[in-house]
Every structure is written in structure tokens, then in C-alpha cells.
Amino acid sequence: MTVRTRFAPSPTGYLHIGGVRTALFCWLLAQRHGGKFVLRIDDTDDARNRAEAVRPILDGFRWLGMNWDEGPTDSADGTSFGPHQPYFQGQRNPIYEAAAMKLLAEGKAYPDYTTSAEQEAAREHAKLARKPYVHRGTNRDVPADENVKLYAAKKAPLLLKVEPGLKVSFVDAVKGKHETNTDTIRDPMLLRGPDENGLCRAVYNFATVVDDIAFGITHVVRAIEHLENTPTQILMYQALGATLPIFGHVPQVYYIGKKMSKRDTPALSADEIAKFKACGWTEEEIKGRDDLNIIAVAYYKEIGYLPEAIINYLCRLGWSLDAETEFMTVETLKQNFTLDRVTDAPGNYDAKKLFWIQGEHMKLVPTAEKVERCIPFLQRAKLIGDTLDSDTRLTLTKIIEASGDRIKLFSDILAFATPILKQEIDRDPKATEKAFKDPAAKLLLTEFAEVLKSAKSFDAASLDKLTHEFVASKGLKLNALQLPLRVAITGTGMGFGLFDTLAILGKDVSLQRLATVLN
RNA sequence: GGCCCCGUCGUCUAGAGGCCUAGGACAAUACCCUUUCAAGGUAUGGACCGGGGUUCGAAUCCCCGCGGGGUCACCA
């Protein structure tokens, strides 16, 4: 039997990082067994802004490379692909109704004419008695054919009849054995009472079960908050005569000890805002994006993370391969992921560790690919044009090579490329002051400019030798020249190798920039 | 409140009765390397929620506390 897993996001307008972690486990499980990963949109509400709410979610999965075998099309307009269409719950209500009618006819479900006031009172009563309220509806014991007639005449919530005194047990693939007595399970609602248009919409629990059966889902992997729903859902599977899938409930992702939520997650820091601005974003553009937040996948894409780093980190949060492996490629994950090594306790999101993992993955990206992936960031910042001439490409390649491990995020390219590529260099006042507060610095630079002028070769190695000889002849260390020179030719006190910088700039530009400082 | 789940360094985790004077990683700190910044190297500090059992022996099993979370909807 092929493994079929599914992830069912609600259309919220952004892809939640915690949701991705759960989806990742589903996806990895399917990949591991050569199975299928299904995406279903749980949009039982009105789907007016569907595209707007669904597209960011699909985009997020596509960017991460977590492709789905069946589900909504990329258009996000409500169309689907795959053998069990449609994959939008909002379009599947007739299917839920048909399943419910079957249960009604079989006497497994019944209409409940209890008024909300009555229910309210019963609930209140139970609360005072410090007992759980287990709802059982009015027409439980009415014969099936009569209930069918009654229901046709007067719609009401349709409830599943739960047989009391039984045990529902299952073995959760991550939590282990779980057992519940049916005496504590209320008769669950299948279909709601009619809305203003007379439509009886399925309730989440029922829609999920009907869909999971229809889609042939073999492994239901979802967040732990659904653990308590499971016995109820098992009863529905049984009533529907379906075989049970394997359930696996995974713990949540926390942020500083609390469930990760948009509200409790910090806004962009000043540094991050500066970074986005350097990348060509305007204040309005930044403010207009409420998904530029560590909780949303879009943030990581926009600031230049690698999808494989996100996947590695997220998977590692709540799962381990062994006692020490931290760095894992997606391929390794696909080959080794198992539900039984998912942790029991919730895990806290740690931005620093993610950043470290990102750096590790970045080390493996070949220069040519880095160039390609940095280009969009440079273009957005208008540092390079829409088309790239071969000279610029070559310079860019040199910059990226010289930057080495310093480029952690693709957006970091701006910090290294701007001082080289921008004609009018931005001078950091603090660095400038520090570099030239000793008047001897300018004199030294003036002499060094003459040395540079007569340099025969202008490659990094020659410049290294030449410069060291120069400072040695002065009885100085390189440090005496390093900062003034760097600030003079780049405007900043930080950057990659000094000699690489000179070499990439070339003799003319280097001398020219030196001259502007010295005059 | 009932029911359910969870509790190992600051954080992510390893740990299925002796391999545990509890291992790894991130973070922190110090030093080394060095051309600033990274990267790299070395080192240091840092945890079994508490209390009782069971056992020759418990982070691991049992009980009781404590703490955190989930769930009890015509939300998903």
C-alpha cells in the first residue's frame, strides 16, 4: 500500500512556520516511502478572497520545494489537480452531505432538535456539578426511517450516535497508546443546522474524516491539538465502514515558551529594516507586508534564506537522526525521517540556530549558483541593471568569491557588493573618523598611493606582497595602513580581504578613490 | 473544573535500568590564528522539576506533588 499523507491549511494569507514543520513531517514521510503528499485547503468558510488567502501558502510550499502530488493548482483560484478533486473543502459539501445522509438512513446518525437554550442550561448544570458535559441529542432512539422523514421535513444539526460504555483505543505513532471511554465522548455533530440559505455545512471533524477516507490517506500526521479529536474521528471512520489510518500527533512549535503566534512574535528589528532598505525596499513596502515576520515563510524568502536550511532546521526542531547530527540535506531527511523519532515535548524556535544552519548550507552553494541567486537582490536594489553584461557578471563572481563564508543570507550580498559597484561610495562617518584621527594615516596613504601607481601587477597576491613590503620598509605593521586604506577605497571599515578589494576595483578606480580622500 | 499530553544545560536534543562522575549542537565566555569582518582552532561554565518508592543499581520503571500545554463550540 502506498503511503499517502496530507496537510490541510486554512487559507490565512500566509504560510505559518509551525504549520510548515507539521507539513514537512507529512511530506518527508511520504517521500521516505515513495508515497504521495496531498494538499487540501480547509476553507469551509466563504471563499471570496480565496486567491489572496491561498496563493501565499502555495507559493511558500513551492519555494521550499515541498511539492504536492495532488491538491490546488498554483493559480489558487479554486481549481485542483489529482484524482480526488476538488481539494477545497468549500467545494466538497455535497460529498459530506451524502455521507451524512447515508449514516442517517442507517440509523447511525440522527437530527438533534435540542434548542440552544436547553443545551446552554445543560452545560451550565454540568459545570456547576464539576462534571464534563457529554451531549446527547433528542432523536437518538427514534427509528432510522422516521428520522429520515423528520430530517427531510425539518433540518437540524445531524449528530452521530455514540454507543456508550465502549473503549476507543489506538496507538499514536508519536505519542503511543491512547484510550478513551465512549461515555466521555459527546455525540459529535456531522452537519450543522441550516444556515440562512438552508445549507447544512459539514463540521470540521466530519469533513476531515470524509476527506481523509476519500483521499485514501494512510497516515494522518497533524498537530497535537487534534489528539483529543481523534477518538471522535475514529468513531466516524467506523460508522462510515472505513479502515483507520495511522495517526501521528506532533508537538507544537513554541516561541519563548508559548505557542508561536503572530501576536507574540517580534516585528522586524532596526537591523533587518536597514537590510531590507539596502535591498531596495521602501518604508511603505516594508510596512505593507505583514508577513515579514519570523512566523511566515515569506520572510525567509525575502531576506535570502535557503529553503534547504529552513527544512533542515525545522525538521531538526522536534526530530533527531541520532545523538549528534545537526546538518542534513533534504535528501538525507527524505531517506531517514521516521515518526518514532519525533520528540514528545514542544520545541522552541531558535533564530540563532537557524541562522547557523543557514550558514552551514550556504558553505555548500557553488559560486556560480550564489551569483545567480544574489542577482535578484542586486537588481531590486538597482545596483545592477535588468540585464547583466559579462564584465559585471565577472566582477560579481569575484566579489562573491572574495566574500566567501561572509555571505550568510543572499541579502548580505548588498553589504559586500555596494562598496565596490556603486560609483559614488557611501562613507561611514564613524569608520572614517577612526581611520584618520591620526594625521599620520593620510601621509602614509599618500606614500602608498605612489607605490600602487607604480605597481606592475594588480592581482591580490602581488598586492599583498607589495603592501607588506611597503609597511615593513616603514617599520610598521599592516594594521597601521589597513583601516585607512579600506575606508579610503570602500567607505566602510568592514569587508572581505583588502587585497581582493583592491584587485577587484582595479588600479584606476583604486587610485581615484584614494585621491578623493587625500585631496 | 473533568479528561488528556508534556517536563534533561539559556535553547534544540541524545538517552528504552548499569555504557551517564549525563553525550552532541546552537548560544555565551576566554584564548589562538588573523588584514577589519567572517570562517577556523582550543578551552571553560552550564541540565536530569521536587519528593517518595521498586531495585544491588534509576535521567530511564511506579506513586504523589509542582510546573507548562491541549481539549471540552453550529472554529478549524
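Values reported hereafter were calculated over all heavy atoms of this structure, with side chains retained and with hydrogens, waters and symmetry mates removed. Chain letters run A, B, ... following the sequence lines, proteins first, then strands; residues in each count from 1.
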Q: Would a distance-only check, ignoring hydrogens and angles, find a side-chain to backbone donor-acceptor pair under 3.5 Å from H125(A) to A121(A)?
A: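 The answer is no, because no donor-acceptor pair under 3.5 Å joins these two groups.
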Q: Hey, which sits more toward the 5' end of RNA chain B by its nearest nucleotide, D112(A) or S403(A)?
A: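 The 5'-side residue here is S403(A).
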Q: I need the OH-P distance between Y255(A) and G10(B), as an integer number of Å.
A: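 Rounded to the whole Å, the gap is 18 Å.
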Q: Under 4.0 angstrom, heavy atoms only, what part of the nucleic acid is H249(A) near: base, sugar-phosphate, or nothing?
A: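 If one applies the 4.0 Å heavy-atom cut-off, H249(A) turns out to touch nothing in the nucleic acid.
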Q: Identify whether any heavy atom of G347(A) sits under 4.0 Å from a base atom; if not, whether one sits that close to sugar-phosphate; answer base, sugar-phosphate or nothing.
A: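 The answer is sugar-phosphate, as G347(A) gets under 4.0 Å only of primed atoms, P, OP1 or OP2.
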Q: Does H16(A) reach the main-chain N or O of G18(A) with its side chain, forming a donor-acceptor pair under 3.5 Å?
A: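 Yes, H16(A) side chain to G18(A) backbone: donor-acceptor pair under 3.5 Å.
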Q: With a 3.5 Å cut-off and heavy atoms only, can you find an N or O donor on one side and an acceptor on the other between the side chain of R486(A) and the base of U35(B)?
A: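 It does, because a donor-acceptor pair links the side chain of R486(A) to the base of U35(B) below 3.5 Å.
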Q: Say we look at U60(B) and G18(B): how far apart would their C1' atoms be, to the nearest angstrom?
A: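 Comparing C1' positions in U60(B) and G18(B) gives a spacing of 11 Å.
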Q: Quick one about Y204(A) and N229(A) (side-chain donor to acceptor, distance below 3.5 Å, no hydrogens or angles considered), yes or no?
A: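 Side chains of N229(A) and Y204(A): no pair found under 3.5 Å.
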Q: Assess the side chains of T184(A) and N181(A): does a donor N or O sit below 3.5 Å from an acceptor N or O?
A: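 There is no such pair (donor and acceptor under 3.5 Å, judged by atom type) between the side chains of T184(A) and N181(A).
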Q: Heavy atoms only, 4.0 Å cut-off, all strands: where does F355(A) land among base, sugar-phosphate and nothing?
A: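 Here F355(A) touches no strand at all.
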Q: Give one of base, sugar-phosphate or nothing for K258(A), where a contact means two heavy atoms less than 4.0 Å apart.
A: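 Nothing, no heavy atom under 4.0 Å.
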Q: Any non-hydrogen side-chain atom of L104(A) less than 4.5 Å from a side-chain atom of N147(A)?
A: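 Yes. Closest side-chain heavy atoms under 4.5 Å.
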Q: Residues of residues 119-129 of chain A with any non-hydrogen atom less than 4.0 angstrom from an atom of RNA chain B: list those, numerically ordered, please.
A: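 Per residue number, the list reads R123(A).
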Q: Using atom P of each nucleotide, how far apart are A27(B) and C12(B) to the nearest Å?
A: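 Roughly 15 Å separates the two P atoms.
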Q: Is there a donor and acceptor pair closer than 3.5 Å between the side chain of Q252(A) and the base of G69(B)?
A: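 No such pair is found, so the answer is no.
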Q: Looking across every strand, which nucleic acid part, if any, lies under 4.0 Å from N229(A) by heavy atom: base, sugar-phosphate, or nothing?
A: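 Base contact.
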Q: Counting any heavy atom closer than 4.0 Å, what does L317(A) reach on the DNA or RNA strands: base, sugar-phosphate only, or nothing?
A: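 Sugar-phosphate only.
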Q: Which pairs, protein N/O on one side and nucleotides 27-34 of chain B N/O on the other, fall under 3.5 Å?
A:
none

Q: If we call it a pair only when both distances are under 3.5 Å in a Watson-Crick or G-U wobble match, what pairs with G46(B)?
A: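 Pair assignment: G46(B) / none.
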Q: Name the residue closer to the 5' end of RNA chain B, choosing between A323(A) and T184(A) according to the nucleotide with the nearest heavy atom.
A: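 The residue mapped nearer the 5' terminus is T184(A).
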Q: Reckon E228(A) touches a base, only the sugar-phosphate, or nothing at all at heavy-atom distances under 4.0 Å?
A: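 Base contact.
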Q: Need one value for R341(A): base, sugar-phosphate or nothing, where a base atom within 4.0 Å counts as base even if backbone is also close, heavy atoms only.
A: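 If one applies the 4.0 Å heavy-atom cut-off, R341(A) turns out to touch the sugar-phosphate alone, with no base involved.
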Q: Atom CG in L159(A), atom CZ in R186(A): separation rounded to 0.5 Å?
A: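 It comes to 5.5 Å.
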Q: Give one of base, sugar-phosphate or nothing for T343(A), where a contact means two heavy atoms less than 4.0 Å apart.
A: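 Result for T343(A) = sugar-phosphate.
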Q: Judged by modelled atom types alone, do T208(A) and H226(A) share a side-chain donor-acceptor pair under 3.5 Å?
A: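 Short answer, no.
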Q: Side chains of D271(A) and S269(A): any donor to acceptor distance under 3.5 Å?
A: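 No, D271(A) and S269(A) have no side-chain donor paired with an acceptor closer than 3.5 Å.
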Q: Tell me what K477(A) touches on the nucleic acid: a base, only sugar-phosphate, or nothing, going by heavy atoms under 4.0 Å.
A: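 If one applies the 4.0 Å heavy-atom cut-off, K477(A) turns out to touch nothing in the nucleic acid.
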Q: Does the R427(A) side chain pair with the main chain of A488(A), one donor and one acceptor, at a distance under 3.5 Å?
A: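 Looks like yes, one N/O pair under 3.5 Å.
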Q: Roughly how far apart, to the nearest Å, are C75(B) and G68(B) at atom C1'?
A: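 To the nearest whole Å, 24 Å.
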Q: Looking only at side-chain N and O atoms, does H135(A) offer a donor or acceptor that is under 3.5 Å from a partner on Y133(A)?
A: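 Short answer, yes.
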Q: Check every strand shown and say whether E326(A) touches a base, only sugar-phosphate, or nothing at a heavy-atom separation below 4.0 Å.
A: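 If one applies the 4.0 Å heavy-atom cut-off, E326(A) turns out to touch a base.
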Q: Is there a donor-acceptor contact under 3.5 Å from the side chain of D212(A) to the main chain of V209(A)?
A: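 No: the side chain of D212(A) does not pair with the backbone of V209(A).
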Q: When rounded to the nearest Å, what value does the distance between C1' atoms of U13(B) and G7(B) take?
A: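 These two C1' atoms come out 14 Å apart once rounded.
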Q: Under 3.5 Å, is there a donor-acceptor pair between the H249(A) and D172(A) side chains?
A: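 The answer is yes; a qualifying pair exists.
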Q: Kindly state which residues belonging to residues 8-20 of chain A come within less than 4.0 angstrom of RNA chain B, counting heavy atoms of the residue only, listed by number.
A: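 Going residue by residue through residues 8-20 of chain A, the ones with a heavy atom under 4.0 Å of RNA chain B turn out to be S10(A).
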Q: Quantified in whole Å, what is the P atom distance between nucleotide C61(B) and nucleotide A25(B)?
A: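 One P to the other, the span is 27 Å.
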Q: Tell me what G257(A) touches on the nucleic acid: a base, only sugar-phosphate, or nothing, going by heavy atoms under 4.0 Å.
A: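 The residue G257(A) makes no contact with any strand.
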Q: Once you apply a heavy-atom cut-off of 4.0 Å, does Y313(A) come out as touching a base, just sugar-phosphate, or nothing?
A: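 No contact.
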